[in-house]
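Have a look at the structure below, then the notes.
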Number of protein chains: 2
Amino acid sequence: MDRSMGNKSLLKTAEAEKISHLDYFKIAISVDCVILGYEQQELKVLLIKSDLKEFSNLYSLLGDLVNPDEDLDAASYRILRERTGLDDIFLQQVHTFGTINRHPSGRVITTAYFALLDINNVKLKINNNHLHWHPVNDIKKMAFDHKTILDTCLHRLREQVMEHPVVFNLLPEKFSLRELQELYEAILNTELDRRNFRKKMAIKDWLHDLDEMEVDVPHRPGKLYKLKTVLRKKSGQKKVEKV
Amino acid sequence: MDRSMGNKSLLKTAEAEKISHLDYFKIAISVDCVILGYEQQELKVLLIKSDLKEFSNLYSLLGDLVNPDEDLDAASYRILRERTGLDDIFLQQVHTFGTINRHPSGRVITTAYFALLDINNVKLKINNNHLHWHPVNDIKKMAFDHKTILDTCLHRLREQVMEHPVVFNLLPEKFSLRELQELYEAILNTELDRRNFRKKMAIKDWLHDLDEMEVDVPHRPGKLYKLKTVLRKKSGQKKVEKV
DNA sequence: TCAAAAGTGTTGACTTTACACCCATGA
DNA sequence: TCATGGGTGTAAAGTCAACACTTTTGA
């Protein structure tokens, strides 16, 4: 950012600039988190009932204003921690939504993140306002522009899922290949061929064979795997592919 | 965004909420544009000398604070228009940078966009502050966190270039396959095989054969093409690929 | 006639898809 | 013994990478 346009290269100090810009500190910024979990072969998102009259009976994502002394990313981690009690979580920034009238309280620009977590690790912190896990395929209308935000984040997730080992954040540490495949199918909303899926996973070399078996399944138990330790990471970064 | 945490589902009006949030309107938001052009087989970015003492002699991207009554995207189009006089330009949001101390004047969160334009169409509007086109491969240090922003945008551009018909925004309307290939090579920083490149373009079916030839080249002239009209677009949106 | 780039196909390696059978386990 | 999913291989189609020669034009 550089507001130098039209002034004739007079150097200003940052402090002087600050004063001349007070007018602009009239926009609030928030973060909104698409917190995703996976349960009963369904992808679910953590929602809360909006407490604004304008949106009564609609659900919204979890978000909050960013504090002036808080990094943007830190704000999203704070939301997660406050709501789920979890701290070491996969989180990725997706897009910033900034139309003028997206928030009825005033000018609020929001940066959307998605988070992936193991739903069984979560004890929801405060259980009022209908905080709950909601199947993502079962959402028509939301408060604010949150439906758009949700869709944008799901789109991004789908783009990444085959290239980057991210979805493992949705599973318990140990899982079978069937569970993993079902998760992919839930995310991509499609069916996958079992043999081809297993081949693909073998090629990616993401998994570590635990030499353990499923227990308490009503059929032949499958092998258990975990994500290779080197691939675990808290936030996603992408690599450029060679063309 | 929903600040309902911990309150016992008392509905508030947006107006009431606005008042209680005044404290938070202490963050400014800006947009920064990585404005890219292509000239002499080089990718270039439009830079200006920073007018902050803290960054004297460093260049910065073109950006500005977002006005309270201006959409975020509109702000980036405004920057472009002010600096280049161009209006109908490819522009894409990339990432929002929000660490506390990234701007010495105070808390400024910035959303980065990249723009692609035909450098020959541009008459730079105000030519002070060393506004100029700078080869992207020749930049080490920039004001603020602008080097990171630039790198992030270039990374995103490289990711998109083979999947989406975006780079055509950098070329004149009519171009030869050689020119197009040289552009791809400049963006990707690599050499491409001519035959394979032409095959790939043929498969993508992005180009319309104009039945015209290059003129004034000191060798056998090549055919001229233009991007198919249906594929022209001002801002980029991605599609999910089927897996 | 020379220099420069245009234009063009094939082969081998690899990747992706489609598809079916026997096996191990728990009920 | 039955139901359920585990586990596995192959062939055909398609994609990708490497590679060289002839043609056209302007100088």
Side-chain angles (χ1 to χ4, degrees), chain A residues 38 40-42 158-159 161-165 171-172 174-186 188-226 239-243, chain B residues 38 40-41 158-165 171-172 174-186 188-226 239-243:
Chain A
Y38 174 68
Q40 287 155 345
Q41 277 127 283
E42 273 189 316
R158 289 183 188 120
E159 282 179 344
V161 115
M162 280 300 177
E163 311 309 321
H164 306 277
L171 291 174
K174 302 176 181 186
F175 51 84
S176 68
L177 286 172
R178 174 181 40 78
E179 290 171 308
L180 184 60
Q181 181 177 341
E182 283 167 356
L183 171 56
Y184 272 93
E185 290 175 337
L188 297 170
N189 247 316
T190 185
E191 300 215 333
L192 301 172
D193 178 85
R194 185 155 45 111
R195 280 166 294 186
N196 292 340
F197 178 79
R198 283 161 189 245
K199 252 180 293 173
K200 191 170 278 185
M201 281 300 138
I203 289 166
K204 300 256 184 234
D205 197 30
W206 289 343
L207 301 183
H208 178 234
D209 183 341
L210 288 168
D211 268 320
E212 290 178 56
M213 292 292 181
E214 285 182 299
V215 288
D216 286 330
V217 285
H219 53 75
R220 173 176 173 184
K223 279 182 162 183
L224 290 176
Y225 296 82
K226 73 181 182 76
K239 283 169 212 135
V240 178
E241 274 111 63
K242 173 86 177 152
V243 182
Chain B
Y38 174 67
Q40 287 154 343
Q41 276 127 280
R158 289 186 186 118
E159 281 179 345
Q160 304 212 349
V161 116
M162 279 301 178
E163 311 310 321
H164 305 279
L171 291 175
K174 302 177 180 185
F175 50 85
S176 68
L177 287 172
R178 175 181 38 80
E179 289 170 310
L180 184 61
Q181 182 178 341
E182 283 168 356
L183 170 56
Y184 271 93
E185 291 176 337
L188 298 169
N189 246 318
T190 186
E191 300 215 335
L192 301 172
D193 178 85
R194 187 155 41 111
R195 279 166 294 188
N196 291 340
F197 178 79
R198 284 163 187 243
K199 251 179 293 174
K200 192 171 276 184
M201 281 300 139
I203 289 164
K204 300 261 183 230
D205 197 30
W206 288 345
L207 301 184
H208 178 235
D209 183 341
L210 288 169
D211 268 321
E212 290 178 57
M213 291 293 179
E214 284 180 301
V215 286
D216 287 330
V217 286
H219 54 74
R220 173 175 173 183
K223 279 183 162 182
L224 290 176
Y225 296 83
K226 71 181 183 77
K239 285 169 209 133
V240 177
E241 273 110 66
K242 175 82 179 156
V243 182

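Order of the sequence lines sets the chain letters (A, B, ...), proteins ahead of strands, with each chain counted from 1. What you see below is based on every heavy atom in this structure, not just the backbone, and it leaves out hydrogens, waters and symmetry mates.
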- For B:L207 and B:M201 the tightest heavy-atom approach is CD1-CB, 4.5 Å

- Work out which heavy atom in A:E159 is nearest to a heavy atom in A:E163; give both atom names and the distance. O-CG, 4.2 Å

What are the atom names and distances for every N/O pair under 3.5 Å that joins the protein to nucleotides 19-23 of chain D?
| residue | atom | partner | partner atom | Å |
| --- | --- | --- | --- | --- |
| D:dC19 | N4 | B:D193 | OD2 | 3.3 |
| D:dC19 | N4 | B:R195 | NE | 3.4 |
| D:dA20 | N6 | B:R195 | NE | 3.4 |
| D:dA20 | N1 | B:R195 | NH1 | 3.3 |
| D:dT23 | O2 | B:R220 | NH1 | 2.7 |

Give the rounded distance in Å between these two atoms: [atom1] of [X] and [atom2] of [N].
{"X": "A:L192", "N": "C:dT16", "atom1": "CG", "atom2": "P", "answer": "13 Å"}
{"X": "A:E212", "N": "D:dG6", "atom1": "CD", "atom2": "P", "answer": "17 Å"}
{"X": "B:M201", "N": "C:dT8", "atom1": "CE", "atom2": "P", "answer": "16 Å"}
{"X": "A:K204", "N": "C:dT16", "atom1": "NZ", "atom2": "P", "answer": "8 Å"}
{"X": "A:I203", "N": "C:dC14", "atom1": "CD1", "atom2": "P", "answer": "12 Å"}
{"X": "B:M162", "N": "D:dA17", "atom1": "CE", "atom2": "P", "answer": "10 Å"}
{"X": "A:F197", "N": "D:dG9", "atom1": "CZ", "atom2": "P", "answer": "18 Å"}
{"X": "A:E179", "N": "D:dG6", "atom1": "CD", "atom2": "C1'", "answer": "13 Å"}

- Starting from the 5' end of DNA chain D, give me the residue, B:H219 or A:G222, whose nearest nucleotide shows up first. A:G222

- Could you tell me whether B:R178 contacts a base, only the sugar-phosphate backbone, or nothing, with contacts defined as non-hydrogen atoms closer than 4.0 Å? sugar-phosphate

Among residues at least two apart in sequence or on other chains, which ones pass side-chain hydrogen bond (donor to acceptor under 3.5 Å, both in side chains) with [X]?
{"X": "B:D209", "result": "B:K223"}
{"X": "B:D205", "result": "B:K228"}
{"X": "A:E182", "result": "none"}

- Angle by which the axis turns from one end of the helix from C:dT1-D:dA27 to C:dA27-D:dT1 to the other, five pairs per end, to 10 degrees: 0°

- Message: Which residues pass the salt bridge (Lys or Arg N to Asp or Glu O under 4.0 Å) test with B:E212, not counting sequence neighbours?
- Response: B:K174

- Selection residues 195-221 of chain A - residue pairs positive for ring-ring contact (aromatic ring centres under 6.0 Å, His included), sequence neighbours left out: A:F168-A:W206, A:Y184-A:F197

- Query: Excluding sequence neighbours, so at least two apart, what forms side chain to side chain contact (heavy atoms under 4.5 Å, CB included) with B:R194?
  - Reply: B:Q181, B:R198

- Note on the structure: So the salt bridge (charged side-chain N to carboxylate O under 4.0 Å, His left out) pairs with at least one residue in residues 213-222 of chain B (sequence neighbours excluded) are B:R178-B:E214

